[in-house]
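Take a look at the structure set out below.
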Amino acid sequence: MTDHAHDHHDHPFEPKIVGFLCNWCSYRAADLAGTARIKYKPNIRVIRLMCSGRVDPAFVLKALARGADGVMVAGCHPGECHYLVQNYKTIRRFQLLKHTLAALGVEDARVRLQWASAAEGQLLADAINDMVEKVRALGPLEWPHKWREGNGLDRLEAEVTAEDARLGPPHREAVPEEVRP
Amino acid sequence: MSDAPKNGRGNGGPRVGVYVCHCGSNIAGMVDVAEVARWAGEGLPGVVVARDYKFMCSSLGQEMIEEDIRQQKLDRVVVAACSPHLHEKTFRRACANAGLNPFLFQMANIREHVSWCSEEKGPATDKARATLAGAVRRVAHQRALEPMAVKVNPATLVVGGGIAGIQAALELADAGLPVTLVEREPSIGGHMAQFDKTFPTLDCAACILTPRMSEVGQHENVTLLSYAEVEEVKGSIGDFTVTIRRKARYVKEDACTGCGVCIEKCPQSVVDDVYEAGLGYRKAIYRPFPQAVPKYPVIDTACCTYFKSGKCKACQIFCTPGAVDFEQRDETVELHVGNIILATGYELFDCTRIPQYGYGRLANVFTSLEFERLCNAAGPTTGKIVLRDGVTEPKRVAVVHCVGSRDTRHHEYCSAVCCMSALKFGHLILEKTKAEVWSFYIDMRPLHKGYEEFYHRLLKEGMHFVRGRVAEVTDAARLPGEEGKLIVQYEDTLLGRQRRLPVDMVLLMGALEPRADAKANALKFGLSCSMDGWLTERHPKLDPVATMTDGVFIAGACQGPKDIPDSVAQGAAAAARVHGMISRGQVLIEPVVAQIDEEHCSGCRVCNTMCPFNAIEYVAAETVSRINPAMCKGCGTCVAACPAGVITGNHFDNTQVFSEIEGVLWDAAV
Amino acid sequence: MAYGYYPGCSLEHSAAAYDDSTRAVARAMGVDLVELDDWNCCGATEYIALSRTGAYALIGRNLALAEAQLAGKNGGGKAVLAAPCSACFLNLSKAEHYVESHPDLADQMNEALAAGGLHHTPGTVEVRHLVEVLVTDVGLEAIRARVKRPLHALRVAPYYGCLLTRPQIPGHTMDEAEYPSFLDDLLRALGAEVVDFPLKTHCCGGHMTQISADTSNALLHRLLKSAAEYRADLVATVCPMCQLNLDAYQSQVNRAYGTDFDLPILYFTQLMGLAFGLDAAALGLGKEIVSAERALAKVGVERPAPPPAPARPAGRRKGDKSLPMPRRKAHHGRARTS
Amino acid sequence: MHQTAPRGTFLAEVMEQTPGGEALQTCLQCGTCGGSCPSGPDMDHTPRSVFALVAAGEREAVLKSNTPWYCVSCYYCMVRCPQEIPVTDVMYTLRRMSASAGAHENGDVADFSRTFIDLVERYGRSFELELAARYHLTHSPLKKMSQGPLAIGMVLKDRLSFRPKRIRDLAGFKAVLAKAKAIEKRLVARSRGEGH
């Protein structure tokens, strides 16, 4: 394929960010940003999931391994999750993932958890712009090369999901503090 | 319309049709759609047809897809156009028409997420490519799914007995459908029952409300559970199981004749903070108001002498039918319904939160709700508009708008009804007293039919209007004529001058705000709230009474500030939606749910703890967990959590997401 | 713990009585006040009117000194700087808050401070008003316990002025901007009879006494009139500027309005000292222009404390037509902060 | 909040020179500030109308106005504004602009501020006697008469001292202020869109 987006060397570095957006709040926030003609950096490529709780750490690792320079996980604000409390699980899982990524030397700014209600198109757009610049400053991740040979990725996935399992069974949050009046 | 050359691939593998929409110039203006189509046709795996077209959602566009499915034997379809939230259904239907399972269709959002938010054509076109690539890679792995049909229980639960709930209940009951109406207070009627007149026509609230109330009370299809609250909601659309707690009345409903002797004889009177808005008194055994429905009184154990000291029993002694029963206990009722309508209403802003208006400190500062009681013929003053001393008639009254509304320190939103209530109050004061009335507003907003005319009427009746938000209300006299008065200090913004107005009475038009327990309540019913705490509708314009949870609808002020006409309209609308479900008899539930491969389930029960909908039950006998598809909402959290990786999220399984990731990163250096 | 003490210019001269009584009361309560060494003027409300950076540099110098001199004086906690003057208190605390929330301001401030070999790290100094330290840290219980000569029979108008409770800078523990009550409580703890002074947070005219007599007279007249109507024996202040304006310009107001107000204006610390039984001279009493002698003659006269306000009636009293007052709800915090 | 007012406009200038000033563009013109202001009656424009003038780009009218100078810093407007506009701080900004433009005609307050600042810059602390004397002599001798009895009263009560207190590190102090003034110049120029 002959495509300009391909070769970094004769073009300034344009970060590639994969965004996992939940169907109810953050994806609609992105829709709203569009409808309101709010402009933001084109570097994000959006994947729609039903809930940020669906984001398997393996998705993030996969994206980085396939050449993404950063990943944004976006969901409803805590307490406003369409599935009541699932984004609290996202928070827990995300903290764990951050932990693992840090161990792997992935800079903090490359993976970001962002809350955005369906009404917060501007907020999401700002967050995306902000993240793109931070990642641009960090330069390309070039993980693929790091993982080209060996089954590093699979090892990782196993590790993360195992740890994730070790978390549970977590106490059920009927009404999390954040929601209580 | 350009027809891209076929790349011959797709033999054996999936045969994908790709359709890139111009959406007039909405997409084509920023994305080189022809190029994207051409590129997809040549570059993307399995693509056998790739076209671009002005309006894919038009009937011609849809027919083009159906045509290709038949002619080209397509088994996958991708449309790159607007947000799936707009047209996913449209194109799924098109596929179904041509005999293709709708879940073999995928949409790429290149309008909201690409053309509309981009500034340069080059990068926009690249982004469109990536988005489309993701969809094409993904669609190859999508599997045919059949929606699940669920029978709809024709019974409906309406929560909240205000005017919106009453309307909804009666609409359904009159259609011959069974309704259960649950009300927290001892009587239905809600805020409207506290009002005197209603704007703009000024008909008496009671006159138009009480007939509806008694209709509810007598309707053969309505089961009224007053003085009761919903404890728990299980299940999903078509088949909810609701647990309701009926608080003890200490009065046997079957025995009580509603004669009211018990109330007369009760020696204990206390301030009534609910119905009389703290402005009047009631007995320890009481009925909120004479026309209450149901007519049975309740005993307020917090202030009943018997419950406090074990003495008295006056009510019981004088009750000839022997209906008073001090031994009564709360009981819980379990209910099976197909749909739920929430009409839980609002509460009034606590005006002490704005101390410069002196409410609670200065006796003659009243809230709008207090004033409704004050001029209500059935109220504590039998409708006489008087100061807190209960006798003096005011000579001048100030009406302060936007108390807690349009104030980023409290509620940023406009409460929508206050301007009209203020005008109504103005009219009542001018009609019943010789007082002057001064309204202090930021913007006068009489927005509906006949409202502006009502404003004009008040102008003619001599009500004074000042454009300026009141700065403070004080009793510190400064100028002659201020002694012993309340002084309203403000800027008349149309004069550009600071002024003071001595008055006898101040009315604070408090904001309408969500009930304190709104968020907790929303959780109970699987709904979400906006930042302010109002219940969130499915779509602000096109689906105002439905919610994100199928089978649960909202009506009235629980969704946002609303006046009576709007609340009634929503009550009726919600009823119509429910009626629709019921007459269809069954609903199709999106098969986007999780499934457990029981073969390999270790029964670790991590997933059980993940599900807030209790959709996953642990089958001890087989040491496996099982998902009830009717209760699963398809969030996929359990899928991501399963340590053994044996849970599949239909339509969002790992393979599908992984290949979409690969797709959107097609151009990344790997 | 030790508190940094920033007296401010007024307390050196015109409000020396405030300084004396403050030190005396602190000693009595075992509060360790360490005067900030080589502090400079906070710029009052004037400097900011000429140069923003200048004003921040001026204040920044004090913050830098405090940061350096108070390091470790408060265990692991922030250095605490206590100011008895409301204007100084606001200037210092507001600047600290602004440089903390506006990094560009902080940079400009430090760029200037560097010229004098100084530097201030935003967020290292907590600025608090003296009265707030006494009410919150020392506590009303301890104060009540220390009272030897209760101020029964003294009707005191608690005067907060503006800058103590406004603007509500995040982190200020002052209960409320419009109708606070902590000074009322403090005075009550001294046994005084506190009047519900409606203008308790209204303006004394600030620097207008120097600029437009008409404006300041009007503002002062309001306060004096209202305090007099509430039959206050004296007014308790927490700010040298308020004291100066109400005290020194009272005769001017009387001339302008043909009134004969004779209201002594005392610092709340002087009243504390009196209640503690400290020597009047040591509290700088007698330096007030409007003599407090007659009012203070009342002190020590034993007489039962005023009965508590009647609670909301449970039921209606016979033949009483009046409508119940609203129940005062517990105070909510602000709905949201931006 | 996002500052949208185009650079170079008077509004943008005022917003940029005020911490939190972006809120100014959200003014509802409700008049809460004008109603709350203790010296409102003496102002030629209420704060609200000043904001309208700022938004309308009426630079001269605003800088000539006595409004910013009559602000007594009571902060009532600031805690009451439903849009949380830092009104008092905006007034300070307008004072600076007015002073540097020498626009305000009835300069009492400006002069008072300057006298006060001269003293502070000379000694590091303010010095009431000289302040009063210098301000009233140099400025409006008439007022001095009315202040006379007051001064005497103050002296009798030993509340005016005749010797100024100096701070020790005057040199460093002055260096800081000199630097600050230089920075201020730079910032004002920038907010005016100069040097761009």
Side-chain angles (χ1 to χ4, degrees), chain A residues 1 3-6 8 16 18 24 27-28 30-31 33-35 37-40 42 45-51 53-56 58-59 62-63 66-68 76-77 79-86 89 93 117 119 125 142 144 161-162 164-165 168-173 175 179-181, chain B residues 43 83-85 109 111-120 122-124 126-127 130-131 134 516-520 523 526 528-531 536 548 592 604-606 608-610 612-613 633-637 639-643 645 649 652 654 657-658 660-662 664-665 667-670:
Chain A
M1 270 169 274
D3 194 271
H4 33 78
H6 242 320
H8 290 299
K16 291 188 173 53
V18 172
W24 304 104
Y27 192 92
R28 284 165 191 267
D31 279 359
T35 322
R37 307 298 197 279
I38 297 167
K39 309 294 180 206
Y40 55 89
R45 282 116 197 241
V46 171
I47 292 177
R48 177 168 69 130
L49 298 170
M50 293 311 279
C51 176
R54 174 66 180 98
V55 176
D56 186 326
F59 294 174
K62 176 78 168 188
R66 291 296 293 198
C76 315
H77 286 271
E80 299 190 353
C81 179
H82 172 63
Y83 302 102
L84 311 189
V85 293
Q86 300 306 61
K89 282 126 190 167
R93 198 175 287 148
S117 81
E142 275 161 354
T161 28
D164 191 18
H171 58 289
R172 186 186 298 272
E173 305 107 329
V175 182
V179 189
R180 294 212 189 93
Chain B
S83 167
H85 286 294
N109 183 347
R111 191 178 74 173
E112 284 80 353
H113 290 194
V114 179
S115 65
W116 277 352
C117 57
S118 303
E119 286 173 299
E120 297 173 73
D126 287 340
K127 190 178 179 186
T131 315
D517 62 355
K519 284 201 174 198
L523 272 175
S528 55
C529 292
S530 67
M531 295 296 204
T536 320
M548 295 293 189
V592 180
C604 73
R605 308 174 67 173
V606 168
N608 302 54
T609 60
M610 286 284 153
F613 306 103
K633 305 238 189 286
C635 68
T637 307
V639 182
C642 177
F652 288 90
N654 289 358
V657 178
F658 280 145
E660 188 168 358
I661 295 173
E662 288 166 10
V664 297
L665 292 169
D667 58 344
V670 184

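Letters A, B, ... mirror the listed sequences (proteins, then strands); counts begin at 1.
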To the nearest 0.5 Å, what is the distance between CE (Met548(B)) and NE2 (His82(A))?
6.5 Å
Roughly how far, to the nearest 0.5 Å, is NZ of Lys62(A) from CZ of Phe658(B)?
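Phe658(B) atom CZ to Lys62(A) atom NZ measures 5.5 Å (nearest 0.5 Å).
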Derivation and outcome, salt bridge (charged side-chain N to carboxylate O under 4.0 Å, His left out), residues Asp126(B) and Arg45(A)
CA-CA 10 Å; Asp126(B) 287 340; Arg45(A) 282 116 197 241; over 6 Å; no
Result for side chain to side chain donor-acceptor pair (under 3.5 Å) between Thr637(B) and one of Arg54(A), Gln86(A), Lys89(A), Arg93(A) points to Gln86(A)
Which pair of non-hydrogen atoms, one from Ala640(B) and one from Gly53(A), has the smallest distance, and what is that distance?
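Smallest interatomic distance, heavy atoms only, reads CB-O, 3.7 Å.
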Worked check of side chain to side chain contact (heavy atoms under 4.5 Å, CB included) between Lys16(A) and Asp667(B)
CA-CA 10 Å; Lys16(A) 291 188 173 53; Asp667(B) 58 344; 3.2 Å; yes
Side chain to side chain contact (heavy atoms under 4.5 Å, CB included) between Ile661(B) and Ile47(A), intermediate numbers included:
CA-CA 8 Å; Ile661(B) 295 173; Ile47(A) 292 177; 3.6 Å; yes
Is there a side chain to side chain contact (heavy atoms under 4.5 Å, CB included) between Val18(A) and Leu665(B)? Walk through the geometry before answering.
CA-CA 8 Å; Val18(A) 172; Leu665(B) 292 169; 3.9 Å; yes
Which one, Gly526(B), Cys117(B), Ser83(B), leads in non-hydrogen pairs under 4.5 Å with chain A?
Cys117(B)
With side chain to side chain contact (heavy atoms under 4.5 Å, CB included) as the criterion, how do Val46(A) and Asn109(B) come out once you've worked through the C-alpha distance, each side chain's angles and the decisive distance to 0.1 Å?
CA-CA 9 Å; Val46(A) 171; Asn109(B) 183 347; over 6 Å; no
Check step by step if salt bridge (charged side-chain N to carboxylate O under 4.0 Å, His left out) holds for Glu660(B) and Arg48(A).
CA-CA 10 Å; Glu660(B) 188 168 358; Arg48(A) 177 168 69 130; over 6 Å; no
Answer yes or no on whether Lys633(B) is positioned over the face of Tyr83(A), meaning its NZ or CZ is under 6.0 Å from the six-membered ring centre and within 45° of the axis.
no
For the interface with chain B, which of Ala33(A), Cys81(A), Cys51(A) has the highest count of heavy-atom pairs at distances below 4.5 Å?
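Between Ala33(A), Cys81(A), Cys51(A), the count favours Cys51(A).
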Quick one: does Val657(B)'s side chain get under 4.5 Å of Leu49(A)'s, heavy atoms only?
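Val657(B) reaches Leu49(A) side chain to side chain.
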Minimum side-chain heavy-atom gap His113(B)-Tyr27(A) below 4.5 Å
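They are in contact (side-chain heavy atoms under 4.5 Å apart), so the answer is yes.
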Is chain B contacted by the side chain of Ile38(A), its backbone, both, or neither, given a heavy-atom distance below 4.5 Å?
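Just the backbone, heavy atoms under 4.5 Å.
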Side-chain donor-acceptor contact under 3.5 Å, Asp31(A) with His85(B)
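No, His85(B) and Asp31(A) have no side-chain donor paired with an acceptor closer than 3.5 Å.
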Identify which part of Cys529(B) has an atom lying under 4.5 Å from any heavy atom of chain A, answering side chain, backbone, both or neither.
backbone
